[in-house]
There are 2 protein chains.
Amino acid sequence: MLQAIVGGSCGAGRPSENIGERPEVILDQGNPARTGKRRSITGRQLARLVGVSQSAVSRAFTPGSSISAEMRELILKTARELNYHPNAIASMLSRSRTNIVGIVVSEMQNPFYPLIIERLSRALQQVGLQSLMFNVTRSSSFEQQLAALRQYNVDAVIVLSATALSGPALHWATENRAAILVNRNLPDNSITSVCCDNASGAREIADHLYAIGRRRVAYVAGLAHTSTNLERQSSFITRVAELGMTLTMQLSGGEYSYEAGYRAARQIAAKGDTDGIFFANDILAIGGMDALRDEAGLSVPDDIAVVGFDDIAMGSWPRYSLTTYRQPVDDLVDRTVRLIADGDVEPGKPPIAVRLPGSLIKRASSMGGASVAFA
Amino acid sequence: MLQAIVGGSCGAGRPSENIGERPEVILDQGNPARTGKRRSITGRQLARLVGVSQSAVSRAFTPGSSISAEMRELILKTARELNYHPNAIASMLSRSRTNIVGIVVSEMQNPFYPLIIERLSRALQQVGLQSLMFNVTRSSSFEQQLAALRQYNVDAVIVLSATALSGPALHWATENRAAILVNRNLPDNSITSVCCDNASGAREIADHLYAIGRRRVAYVAGLAHTSTNLERQSSFITRVAELGMTLTMQLSGGEYSYEAGYRAARQIAAKGDTDGIFFANDILAIGGMDALRDEAGLSVPDDIAVVGFDDIAMGSWPRYSLTTYRQPVDDLVDRTVRLIADGDVEPGKPPIAVRLPGSLIKRASSMGGASVAFA
DNA sequence: TTGAAAGCGATACCAT
DNA sequence: ATGGTATCGCTTTCAA
């Protein structure tokens, strides 16, 4: 088999820039070498060969359509032989449904998102839906980034990005189509959302810290203005006050990252009057634990107990063994997919706010006792 | 605004199972509530309103088409006002091009993949291509999982999965369309691939271990039969022999995971005759370091130097400060996107094997000296 | 440069 | 249960 071995690196490239005009997806990349080649056969051809109508072929591939078993079998058999597959594009056009959902993402650095994306796309596949990914950055024009979202006529949009999109941006992006926010919501709940019950989680965490004897606790936010943070923060602080604990510090890392957690913990350790920290999510907490131990020389949990939120895989590593509030990922995913599959999020319908309970996972970062290594 | 607050969890669900027949994507989910609603206006309507032909509208949105500046401007202006967007689906049908690339993924747990997926999808967006994600599991029927890949007529397929798909499966999935394997390749190079130069990387790592005075080294594989592993392993072992070092152990974790690395390191520590370990990738190495330090009570790098491969973010955390061979992610991505955008991977054309050089990143896990914390 | 008209490949309504 | 046929919305000859 012919092949070329090619080496060397290549410059950072934006091979072809949109020629301007406006934030449209330019459909022509102007490459002459890529003109349409004939792929397989069409339904019409198959029909002719089998000696039936085009409609029959369509019916053979449509579950529940009125067609006799023999005819269906005959058609499917021949289709198999001729390697015929219905063209999904044509189907989309005539049905004005794509069976594609757009997933808007932006924070792949936080391990929680890859996890949920994976589950989500798998669950969608189960019901015959594909996932078109839209990666957005906090760059200038989200319009440009999401222009395609509208043109592709996706059946639904799932927004997984806690940060990148403002409320108005969300409305623009999801205008006129089924839309669900996952792990995020809007103050007025004007778009359907599926979230973990952050308030209960934060409250349970406060209770837990109290139960293990901590009285001087701190809260570390990720991005201060995100809905997840607001809910966790206010609920935690309220409960801390109710229990008569002291809130020693309350600071924001500026982002949901290991480094932000690391820095925040360093500050808390420097102040020296805290015996328990609730980090707004696990990746912050993990950064925080490393700072407390490796830099401040403190013991977790003896000197300071640490609690996170999400329950990412890393939290169960022996070194961290992180107490955390587990998001019910499977439930979130199931619920989201069902909302879409059942047609409960169509543009006309009133938005729904789904809140699912998580569960407090108690581990060594707050309980003392040896971390459990792998068997 | 109306809204419902809904609580409670929901059962694990396969809301609608494919009714059988064969691994087709059933296009009708049979939901009566979801019939097509009219979205925005069509090009024909716009044309009528502006008083030009349908063709003119099409041309206005096609860069490089023969149309006068005034007419284009007029049409685009009106389009803007009426919120007209060309329907990408219709465009796909008539051009028989989708501007969509399918990305086949399977190992979102390894942080290297989210990283590369993010960059890739962003780079594709830059050139006007969208990413349709296909998550495959090592489950029974990959055909079922990838049936949609063929029906959607994606312009190209990028396979990011090191493990899930066998050679034949790959050929089936990519049959008759542009295909690129990233960070993986086939023994006969029968499908175009873009990889890091694993052999050079592994050799450099052996040289590095030698240079820092290690003489009794071990190799920890991820999945033994993956191309990345084979290349790294054989090159490393060869070089180790050339340098006259002793290969104390050579074992496979069975997967590319923290836990696998952890277990492997435990074994190596138990044997007690090793002073340097090359883990096939970073996530293994990180698991390994934790086992060496927290469980075996050894010092990294004093007792055992540790080197990984990939350069994921975690490797630069102060605790790990992992020496590793950095994959040239941006180059891999650029190259992949260019191959597609330039039409160099069309079905007819001979496969290409691109190997891009990475670079050895020396950090504290092999060099001694304090890890650098965040400023 | 512009407009008219024939596809692209399914779906779905309407007869039979 | 089957077949005929008009869409779906855009692209692309082909003339003018």
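Naming convention: chains lettered A, B, ... in sequence-line order (proteins, then strands); numbering from 1 in each chain.
In this model, a donor atom of one side chain and an acceptor atom of the other lie less than 3.5 Å apart for Asn83(B) and His85(B). Inspection of the His171(B) and Ser190(B) side chains reveals an N or O donor paired with an N or O acceptor under 3.5 Å. For the residue pair Thr98(A) and Asn153(A), no side-chain donor N or O sits within less than 3.5 Å of a side-chain acceptor on the partner. Residues Ser106(A) and Ser161(A) bring a donor and an acceptor atom of their side chains to less than 3.5 Å of each other.
Atom CZ of Arg97(A) is separated from atom P of dG9(D) by 16 Å (rounded to the nearest Å). The nearest whole Å value for the distance from the OH atom in Tyr152(A) to the P atom in dC10(D) is 14 Å. The nearest whole Å value for the distance from the CD atom in Gln151(A) to the P atom in dC8(D) is 20 Å. We find that CZ of Phe61(A) is positioned 10 Å from P of dT11(C), with the value rounded to whole Å. Whole-Å rounding puts the Arg95(B) CZ to dT11(D) C1' distance at 8 Å. In this structure, Ile41(A) atom CD1 and dC8(C) atom P are separated by 15 Å, rounded to whole Å. Rounded to whole Å, the distance from CE on Met92(B) to P on dC8(C) is 18 Å. At whole-Å resolution of the value, CZ in Arg48(B) and C1' in dA4(C) are 13 Å apart.
Summarising the geometry, atom OG1 belonging to Thr336(B) is positioned 13.0 Å from atom CZ belonging to Arg119(B); distances are rounded to the nearest 0.5 Å. Interatomic distance, OG1 of Thr78(A) versus OH of Tyr84(A), reported as 12.0 Å (0.5 Å rounding).
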Could you pull out the protein-nucleic contacts involving nucleotides 1-4 of chain D (nitrogen or oxygen on both sides, under 3.5 Å)?
| from | atom 1 | to | atom 2 | distance (Å) |
| --- | --- | --- | --- | --- |
| dT2(D) | OP1 | Ser68(A) | OG | 3.1 |
| dT2(D) | OP2 | Ser68(A) | N | 2.7 |
| dT2(D) | OP2 | Ser68(A) | OG | 3.0 |
| dG3(D) | OP2 | Ser53(A) | N | 3.2 |
| dG3(D) | OP2 | Ser53(A) | OG | 3.2 |
| dG3(D) | N7 | Arg59(A) | NH1 | 3.3 |
| dG3(D) | N7 | Arg59(A) | NH2 | 3.4 |
| dG3(D) | O6 | Arg59(A) | NH2 | 2.6 |
| dG4(D) | N7 | Ser55(A) | OG | 3.2 |
| dG4(D) | O6 | Ser55(A) | OG | 2.8 |

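Rounded to 10°, the angle separating the first-five-pair axis and the last-five-pair axis of the helix from dT1(C)-dA16(D) to dT16(C)-dA1(D) equals 30°.
Under the 4.5 Å side-chain criterion, counting only non-hydrogen atoms from C-beta, Thr137(B) is in contact with Arg122(A).
Although no hydrogens or angles enter the test, the distance criterion places no donor-acceptor pair under 3.5 Å between the side chain of Arg97(B) and the main chain of Met92(B). A donor-acceptor pair under 3.5 Å is formed between the side chain of Gln45(B) and the backbone N or O of Thr42(B).
Closest to the side chain of Leu93(B), from the set dA10(C), dG9(D), dC10(D), is dG9(D).
Between dT11(D) and Ser58(B), a contact under 4.0 Å exists linking OP1 or OP2 to a side-chain N or O.
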